[in-house]
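As the structure lists them, so they are numbered: ligands from 1, and atoms in each ligand from 1.
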Amino acid sequence: MGSVSYEVENRVAVVTVENPPVNALSHDVRSGLSETFARFEADNDADIAVILGAGRMFICGADISEFGKPPQSPSLPNVITHIEACTKPVVAAMHGMALGGGLEVALGAHYRMALPGTRLGLPEVKLGIMPGAGGTQRLPRLVGVDKALEMITSGTPVTADAAIGFGLVDHLGEGSDIRAAALAYARSLLADNAPARPTKDLPAAKADDAIAVWRAKLKKTVRGEVAPLTAVDAVEASTKNTFFDGLAEERRLFLHLMDTPQRAGLIHAFFAERAVAKLPEIDGIAAREVEKIGVVGGGTMGAGIATSAVLSGLAVALVERDSAAADKARKTIADNLDAAVKRGKLSAQRRDAILQDALKTVTDYDALSGADLVIEAVFESMDVKKDVFARLDATLAKGAILATNTSYLDVNEIAGSTSRPEDVIGLHFFSPAHIMKLLEVVVADKTAPDVVATAFSLAKKLGKTAVRAGVCDGFIGNRILSRYRTAADHMILDGASPYQIDKAMTDFGFAMGPYQVSDLAGLDIGYATRQRKAADAHPRDRNPSFADALYHKGWLGQKTGRGYYIYDQGDRKGRPDPEVERIVDQARADAGITPRTFTDDEIVRRYMAAMVNEGACVVDEGIAQRPLDVDVVFLYGYGFPRWRGGPMKYADMTGLDAILADIRSYAEEDDHFWSPSPLLEKLVAEGRAFDSLNQR
Ligand code: 3HC
Ligand code: NAI
């Protein structure tokens with residue numbers, strides 16, 4: 001029976017699922033469970049069965065790698081129905097985690113026990129599906145509609161300690177040995193003559209107002225995602241139907257979700273975020289030890305990076321230019337920690353200990369002498385950076401890593417200014433650095449492989465998702481951003497309004513539109529970028545003079561209460577500004593442009609064509625290793641809708657030929673800005689998708 005074992009100890013049948021690493025319910029496991037429970041039913045030596053997971057956890061769901069392939073019998077719903085139909089009691093004994101189909105197995109058991117701290121959840125909506133093995137029918141019967149909807153539509157796990165309070169768990173075991181705890185509980189149930197107790201026989205939960213309340217709430221928050229609202233339909237079915245009719249309706253809705261592009265997008269995201277760390281260049285390479293971190297510069301980024309590091313248990317020495325700046329950095333970090341305490345992420349005691357022992361804010365580079373890795377986050381100027389790196393080179397011990405958080409500067413040039421370019425790397429954090437999950441690891445020509453490995457291991461410690469990038473202006477994310485942002489500016493010059501573009505892109509699923517993002521980041525950042533690139537400007541580059549006009553008026557976005565939008569006191573959403581429309585009209589008149597209308601569809605197509613085309617160039621040049629690396633950068637750093645899988649997955653699902661045809665038609669109007677990526681042309685000619693490059 002392969003991954004499911006059966007043994008009887010003192011009249012208790014112990015059924016163990018062993019399918020590392022997460023005991024997923026692959027075909028082998030489903031068959032094993034079916035056969036094992038048939039055996040248990042017939043076994044006169046066993047009066048009760050316990051189901052356990054081997055290793056770190058119980059069972060963490062269906063085998064996602066089987067999704068999209070032809071289903072193989074027995075199906076999980078049938079296996080669970082079979083377990084539930086046992087005439088002798090069955091106990092699910094959970095430890096570590098019980099997720100998705102794993103928790104559904106437990107719902108089909110007659111009793112549920114867990115070790116304290118075990119996390120129980122139905123995360124299916126995060127994969128674009130919903131529980132499809134009875135979860136939407138059994139959970140409401142056990143815990144009521146409201147709690148069931150909270151768990152199913154959020155996908156967020158609860159702890160066993162909380163679950164015992166609302167009826168999902170019957171018993172909390174003692175100690176850390178799940179097998180011993182399970183046997184003890186089974187024996188106590190036997191001693192009490194506890195009967196088989198199928199969840200399906202409980203009365204259907206009352207629908208009350210919860211269904212309508214959750215539906216209304218989700219309609220406002222899901223931003224185009226279909227799975228959470230479909231899950232509400234399934235839970236509603238549990239309140240209106242017999243158990244088996246409800247189960248059939250759940251299956252119908254589940255199979256419908258399985259066929260959606262959203263499911264394909266979210267599963268791609270799941271595997272892509274795990275694949276980014278799998279790089280041949282660091283395979284088998286040991287990371288250097290990192291316990292003490294240095295940060296140089298304690299402004300927006302330095303303070304955020306230091307916060308992230310101390311929150312992850314690292315000791316940090318932060319060096320600033322003078323004591324006033326050092327004190328200001330300390331205050332920012334303390335405020336960040338206070339916010340973490342308020343959100344319940346950190347205890348007040350731990351915050352105090354960090355400020356007392358783990359964080360030093362100083363002006364003297366000597367404080368960095370014992371650091372294993374130093375991250376520079378000073379002004380974006382090559383001269384200032386070279387000066388800092390010269391000091392770091394003189395101060396740090398051999399083997400220490402020198403990292404820069406530069407957004408655009410040449411990491412090779414920075415590395416070349418030191419005596420140890422092999423120890424230099426770019427660690428490009430995103431703002432706010434203690435919140436944003438993305439870290440671009442910028443590998444320079446001479447960076448040593450174990451320095452790259454250390455960067456990936458540090459990212460893990462910091463709870464970040466690291467993506468390898470090569471050296472170029474803007475690396476992966478900002479380089480692509482600069483192209484689609486320019487395409488958006490062109491659309492404004494030609495007749496679209498910033499508000500229409502923002503709405504089209506948020507309707508597409510982005511967290512914010514490009515002009516809302518500009519207002520949040522500050523219009524001075526875009527202005528500085530245009531100034532920086534001015535020297536390399538081409539005569540055919542189109543000038544978004546409206547953006548400069550806003551800057552010169554001092555309308556820098558949210559921080560000045562006015563940018564593309566007007567922000568009334570206390571409002572962070574902003575409202576459209578007729579004055580901005582007049583400034584844009586003037587910019588068009590100055591450039592001799594007769595404005596035309598754009599449909600939302602055209603806006604999305606142009607915006608995405610620019611993003612995908614530059615994404616293809618970035619892959620072609622080796623700046624990103626694979627298309628999936630571009631996807632992860634956009635999912636974690638740029639608010640790209642996860643259910644679309646990332647820009648390259650979106651392109652595959654739209655069809656590369658359609659995207660290339662769009663680019664070619666735009667190039668007929670403006671062949672200076674629009675020029676198809678050779679990689680995109682090659683893939684279309686060969687009838688291949690970007691995904692074919694993810695396998696390498
Ligand atoms: N199926 C197949 N492979 C899975 C898997 C699953 N359900 N869950 C994890 N894996 C794989 C990962 O891809 C990874 O493979 P790799 O080593 O080749 O990269 C490996 O297992 C280890 O996974 P993690 O690196 O994520 O391990 P962690 O210890 O960090 O996390 C976890 C463990 C929290 C269980 C996490 O893996 C996870 O969230 N898994 C998905 C859980 C889930 O969504 N379950 C629901 C599935 S859908 C379902 O059950 C449908 C049902 O209702 C019918
Ligand atoms: P900032 O202006 O907020 O902070 C820079 C800090 O460096 C200041 O506090 C300044 O006093 C200090 N500093 C300057 N010279 C110094 C020196 N020689 N020694 C010690 N401290 C010194 O700038 P910000 O936004 O934090 O940016 C820092 C770096 O991070 C830049 O390279 C920037 O391009 C990059 N970056 C910025 C992002 C952002 O969104 N702000 C995002 C990602 C990277």
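- Of all the atoms in ligand 1, the ones that sit under 4.0 Å from a non-hydrogen atom of G100 are 46 (C), 50 (O).
- Atoms of ligand 1 lying under 4.0 Å from any heavy atom of R56, numbered from 1 in the order shown and given with element: 29 (O).
- Not close to ligand 1: G135, with no non-hydrogen atom less than 4.0 angstrom away.
- Under a 4.0 angstrom heavy-atom cut-off, E66 registers as lying outside contact with ligand 1.
- Residues satisfying the side chain to side chain donor-acceptor pair (under 3.5 Å) test with N405, not counting sequence neighbours, are none.
- Counting protein heavy atoms only, atom 40 (O) of ligand 2 is closest to S431 CB, 3.4 Å.
- Among protein heavy atoms, atom 1 (N) of ligand 1 sits closest to I64 N, 2.9 Å.
- Among R119, M57, E273, E124, the residue whose heavy atom lies closest to atom 48 (S) of ligand 1 is E124.
- Within the set P131, G61, P123, the minimum heavy-atom distance to atom 43 (C) of ligand 1 is found for P123.
- Closest to atom 10 (N) of ligand 1, if we only count protein heavy atoms, is V22 CG2, 4.1 Å.
- Counting heavy atoms under 4.0 Å from ligand 1, residue L127 touches it through the side chain alone.
- The structure places CG of L427 at 5.5 Å from CZ of F429, a figure rounded to the nearest 0.5 Å.
- Inspection of the T404 and E376 side chains reveals an N or O donor paired with an N or O acceptor under 3.5 Å.
- In terms of protein heavy-atom proximity, atom 45 (N) of ligand 1 is nearest to C60 O, 3.0 Å.
- Inside a 4.0 Å radius of atom 4 (O) of ligand 2 there is at least one protein heavy atom.
- Looking at F67 next to ligand 1, no N or O pair under 3.5 Å apart turns up.
- Every atom of ligand 1 with a heavy atom of G101 under 4.0 Å away is listed here by number and element: 49 (C), 50 (O), 52 (C).
- Nearest protein heavy-atom neighbour of atom 15 (N) of ligand 2: R321 CD, 3.5 Å.
- Salt-bridge annotation for E380 and R532: absent, with no side-chain N of the basic residue lying under 4.0 Å from a carboxylate O of the acidic one.
- Scanning the protein heavy atoms around atom 26 (O) of ligand 1, the nearest turns out to be R274 NE, 2.7 Å.
- Where the criterion is an N or O separation shorter than 3.5 Å, residue side chain and backbone included, K385 meets it with respect to ligand 2.
- Summary of contacts: the protein heavy atom closest to atom 21 (O) of ligand 1 is P21 CG, 3.2 Å.
- The ligand atoms of ligand 1 that sit less than 4.0 angstrom from a heavy atom of G132 are 53 (O), 54 (C).
- For K126, no heavy-atom contact with ligand 1 is shorter than 4.0 Å.
- Considering only non-hydrogen protein atoms, atom 25 (O) of ligand 2 sits nearest to T300 CB, 3.7 Å.
- Salt bridge present: D335 and K331 bring a charged side-chain N and a carboxylate O closer than 4.0 Å.
- When heavy-atom distances to ligand 1 are checked against a 4.0 Å cut-off, A62 comes that close through both its backbone and its side chain.
- Side-chain polar atoms of N19 and S26 form a donor-acceptor pair below 3.5 angstrom.
- In this structure, atom 7 (N) of ligand 1 has protein heavy atoms in its sub-4.0 angstrom surroundings.
- Around atom 28 (C) of ligand 2, the closest heavy atom drawn from V378, V296, D322, N405 belongs to V378.
- Applying the ring-ring contact (aromatic ring centres under 6.0 Å, His included) criterion to Y638, with sequence neighbours excluded, gives F430, F634.
- Here is the list of ligand 1 atoms found below 4.0 Å of a heavy atom in M97: 34 (C).
- Residue E104 has at least one nitrogen or oxygen atom sitting less than 3.5 Å from a nitrogen or oxygen atom of ligand 1, judged on distance alone.
- The ligand atoms of ligand 1 that sit less than 4.0 angstrom from a heavy atom of D63 are 1 (N), 2 (C).
- Of all protein heavy atoms, the one closest to atom 42 (C) of ligand 2 is M301 SD, 3.5 Å.
- Shown in contact with K278 at under 4.0 Å from a heavy atom are these atoms of ligand 1, numbered in order with element: 16 (P), 18 (O), 19 (O).
- For the pair F456/I285, no side-chain contact is recorded, criterion being any heavy-atom separation below 4.5 Å from C-beta on.
- Residues T136 and E250 have side chains that bring a donor and an acceptor to within less than 3.5 angstrom of each other.
- Taking atom 11 (O) of ligand 2 as the reference point, the nearest protein heavy-atom neighbour is E320 OE1, 2.8 Å.
- The protein atom (non-hydrogen) at minimum distance from atom 18 (N) of ligand 2 is V388 CG2, 3.6 Å.
- From the protein, the heavy atom lying nearest to atom 2 (O) of ligand 2 is F379 CE2, 3.5 Å.
- Scanning all protein heavy atoms for the shortest distance to atom 44 (C) of ligand 2 gives S407 OG, 3.2 Å.
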